*Asks:* 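What follows is a structure written as structure tokens; I'll ask about it next.
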Amino acid sequence: VKVTETGSALCEYYRTQRSADIQLRARLDEFRNIKRGLIRLSMGEGFGEWVVNGPLRAFQTQYPGIDLDIRIHPTDETVRAILEDEADIGVTYFAPNDRDLKFHARSDVPICVVVHQDHPLTRLGRDPKLTDVVDYPIGMLHPEFGGRQVTDLIARSENVVLRPSLTANSYAIVRKFVLLGEGVFLMPFRPSPQRELDDELVPLPLDYASKVTSQTQVITRSERHLTNAMRMLIKSLIESGQFG
């Protein structure tokens, strides 16, 4: 079954009316100075521990009456949820420069080769290149993840073909694969107190010549009305130490 052009127009009308209704109710609540409601947050799996342990703690102290609905999504799904008003705020990686998205914060994040602490790549004496990585079993995320998309862009610019031995839709699964020994995982990662790897894993910055910029981003829909609580949550996310 395929939606006709008329059906698509009706769906778009419904989404627009639903969004207007949600925004009107939110603004009326603000006029009444009511600190209650629901915020829907969509984010990548790799941000979970940082968000819960950092920004959410400060936010819930100030807004105890606000309920949170958190969904773990890859980049493509987070962008879709934001554009279709299924999520209010997105924390994601390498989202496209869509005119319907508003970027509240961006932070460059290096692509790293994550390996076991005893892996031969740790003894290279320099940052590994993609040509070094292909000699070992590679673990990668599915193409809908921003980290996979930017890695594929780098590989094409370096004329290197990546043939993953393991593909998964979970960071946790690929990290377990690397913990087995010889495997490597290409992922965006910047060490910080809020984001740590397993004790036995080591992130090695990837050496590549292309000008591909990888970023962590906080996004909303461009025309989305943001309540005071939503703005406070975005502020907490930005000031959490992940966005220099």
Side-chain angles (χ1 to χ4, degrees), residues 3 7-107 144-146 169-172 194-195 215-243:
V3 178
S8 296
L10 287 170
C11 288
E12 180 61 29
Y13 173 79
Y14 166 74
R15 282 195 291 266
T16 301
Q17 294 301 310
R18 181 169 174 267
S19 175
D21 181 64
I22 292 172
Q23 294 186 49
L24 176 61
R25 290 175 184 274
R27 297 186 74 174
L28 290 175
D29 282 350
E30 285 191 328
F31 293 145
R32 300 187 189 105
N33 197 30
I34 298 176
K35 290 187 177 183
R36 61 177 176 79
L38 173 70
I39 296 178
R40 301 161 301 170
L41 180 63
S42 174
M43 63 184 183
E45 180 188 1
F47 300 111
E49 188 172 348
W50 155 59
V51 169
V52 172
N53 291 336
L56 290 192
R57 184 174 300 177
F59 173 79
Q60 289 188 313
T61 298
Q62 184 163 352
Y63 287 89
I66 300 293
D67 297 326
L68 295 168
D69 179 7
I70 299 177
R71 304 292 177 93
I72 300 299
H73 289 143
T75 299
D76 288 358
E77 185 64 16
T78 289
V79 171
R80 186 202 63 78
I82 290 292
L83 294 179
E84 296 185 7
D85 279 324
E86 293 180 8
D88 303 305
I89 301 169
V91 182
T92 191
Y93 183 81
F94 204 60
N97 286 315
D98 191 307
R99 65 182 181 179
D100 293 323
L101 292 177
K102 181 174 181 178
F103 292 82
H104 297 266
R106 306 175 194 242
S107 181
E144 64 266 26
F145 286 81
N169 65 347
S170 167
Y171 281 88
Q194 297 93 347
R195 297 189 71 188
Q215 293 180 332
T216 297
Q217 302 149 333
V218 177
I219 60 175
T220 61
R221 186 170 58 79
S222 293
E223 301 300 321
R224 182 77 166 85
H225 169 71
L226 300 177
T227 65
N228 288 334
M230 290 177 192
R231 288 192 290 270
M232 176 59 189
L233 179 53
I234 291 172
K235 184 172 183 289
S236 296
L237 291 167
I238 294 173
E239 295 179 350
S240 64
Q242 289 295 310
F243 299 91

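In this text, all values refer to a predicted model and were calculated from it rather than measured experimentally.
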*Asks:* Does Thr92 reach the side chain of Ile82, with side-chain heavy atoms less than 4.5 Å apart?
*Replies:*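 A side-chain contact is absent here, since even the closest heavy-atom pair is not under 4.5 Å.
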*Asks:* For residues Arg231 and Asn228, determine if any side-chain heavy atom of one lies less than 4.5 Å from a side-chain heavy atom of the other.
*Replies:*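 Yes, their side chains come closer than 4.5 Å.
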*Asks:* Surrounding CD of Gln17 (heavy atoms of other residues, nucleotides or ligands, distance under 6.0 Å), is the total greater than 12?
*Replies:*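 Atom CD in Gln17 is packed in, count exceeds 12.
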*Asks:* Which is it for Trp50 and Val91 under the side-chain contact (heavy atoms from CB on, under 4.5 Å) test, yes or no, and what are the steps along the way?
*Replies:* CA-CA 11 Å; Trp50 155 59; Val91 182; 3.8 Å; yes
*Asks:* Please identify each residue that fulfils side-chain contact (heavy atoms from CB on, under 4.5 Å) with Ser170, with sequence neighbours left out.
*Replies:*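 Listed in chain order: Glu45, Ala172, Ile173.
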*Asks:* Roughly how far, to the nearest 0.5 Å, is CZ of Arg18 from OG1 of Thr16?
*Replies:*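 Between atom OG1 of Thr16 and atom CZ of Arg18 there are 11.5 Å.
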*Asks:* Output yes when a side-chain donor or acceptor of Ser42 lies under 3.5 Å from a complementary backbone atom of Gly90, and no otherwise.
*Replies:*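 Judged by distance alone, no pair lies under 3.5 Å.
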*Asks:* Could you grab the distance from atom CZ of Phe145 to atom OH of Tyr171, nearest 0.5 Å is fine?
*Replies:*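 Reported to 0.5 Å precision, the distance equals 6.5 Å.
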*Asks:* With side chains defined as the heavy atoms from C-beta onward, is the minimum distance between Leu83 and Asp98 less than 4.5 Å?
*Replies:*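 Counting from C-beta outward, Leu83 and Asp98 do come under 4.5 Å.
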*Asks:* What distance do Thr227 atom OG1 and Met232 atom CE have between them, rounded to the nearest 0.5 Å?
*Replies:*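 Those atoms lie 12.0 Å apart.
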*Asks:* Taking only residues two or more places apart in sequence, or in another chain, which ones meet Lys102 in a side-chain contact (heavy atoms from CB on, under 4.5 Å)?
*Replies:*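 In terms of side-chain contact (heavy atoms from CB on, under 4.5 Å), with neighbours along the sequence ignored, Lys102 is linked to His104, Thr220, Ser222.
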*Asks:* Quick one: are Phe59 and Leu68 in side-chain contact, heavy atoms under 4.5 Å?
*Replies:*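 A side-chain contact exists here, since the closest heavy-atom pair is under 4.5 Å.
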*Asks:* State, with a plain yes or no, whether a side-chain heavy atom of Ile66 is found less than 4.5 Å away from one of Leu233.
*Replies:*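 No, their side chains stay 4.5 Å or more apart.
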*Asks:* Report the residues that fulfil side-chain hydrogen bond (donor to acceptor under 3.5 Å, both in side chains) with Asp85, sequence neighbours left out, ordered by chain and then residue number.
*Replies:*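 Per chain and number, Asp85 pairs via side-chain hydrogen bond (donor to acceptor under 3.5 Å, both in side chains) with Ser19, Arg221.
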*Asks:* Using 0.5 Å steps for rounding, measure from the CG atom of Leu41 to the OG1 atom of Thr78.
*Replies:*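 Reported to 0.5 Å precision, the distance equals 8.5 Å.
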*Asks:* How long is the gap from CG on Asp67 to CZ on Arg40, to the nearest 0.5 Å?
*Replies:*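 One finds 13.0 Å between CG of Asp67 and CZ of Arg40.
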*Asks:* Does some side-chain heavy atom of Ile72 sit less than 4.5 Å from a side-chain heavy atom of Met43?
*Replies:*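 Met43 reaches Ile72 side chain to side chain.
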*Asks:* Taking all heavy atoms of Thr75 and all of Gly146, pick out the closest pair and write down the distance.
*Replies:*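 It is OG1-N, 2.9 Å.
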*Asks:* Will you find, in the side chains of Ser107 and Thr216, an N or O donor that is under 3.5 Å from an N or O acceptor?
*Replies:*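 Not at all, the side chains of Ser107 and Thr216 share no donor-acceptor pair under 3.5 Å.
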*Asks:* Under 3.5 Å, is there a donor-acceptor pair between the side chain of Arg224 and the main chain of Asp88?
*Replies:*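 Judged by distance alone, no pair lies under 3.5 Å.
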*Asks:* Return yes when atom CZ of Arg71 has more than 12 non-hydrogen atoms of other residues, nucleotides or ligands closer than 6.0 Å, and no otherwise.
*Replies:*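 12 or below, so no.
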*Asks:* Going by the rule side-chain hydrogen bond (donor to acceptor under 3.5 Å, both in side chains), which residues pair with Arg80 if we only count those two or more places apart in sequence or in a different chain?
*Replies:*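 Expected list: Glu77, Glu84, Glu86.
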*Asks:* Applying ring-ring contact (aromatic ring centres under 6.0 Å, His included), can you list everything that pairs with Phe94, at least two apart in sequence or on another chain?
*Replies:*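 If we apply the ring-ring contact (aromatic ring centres under 6.0 Å, His included) test to Phe94, skipping adjacent residues, there are no hits.
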*Asks:* Who passes side-chain contact (heavy atoms from CB on, under 4.5 Å) against Asn97, sequence neighbours left out?
*Replies:*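 For Asn97 the side-chain contact (heavy atoms from CB on, under 4.5 Å) partners, ignoring immediate neighbours, are Phe103, Arg106.
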*Asks:* Search all heavy atoms of Val79 against all heavy atoms of Ala95 and return the closest pair with its distance.
*Replies:*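 Minimum heavy-atom contact is CG2-CB, 3.9 Å.
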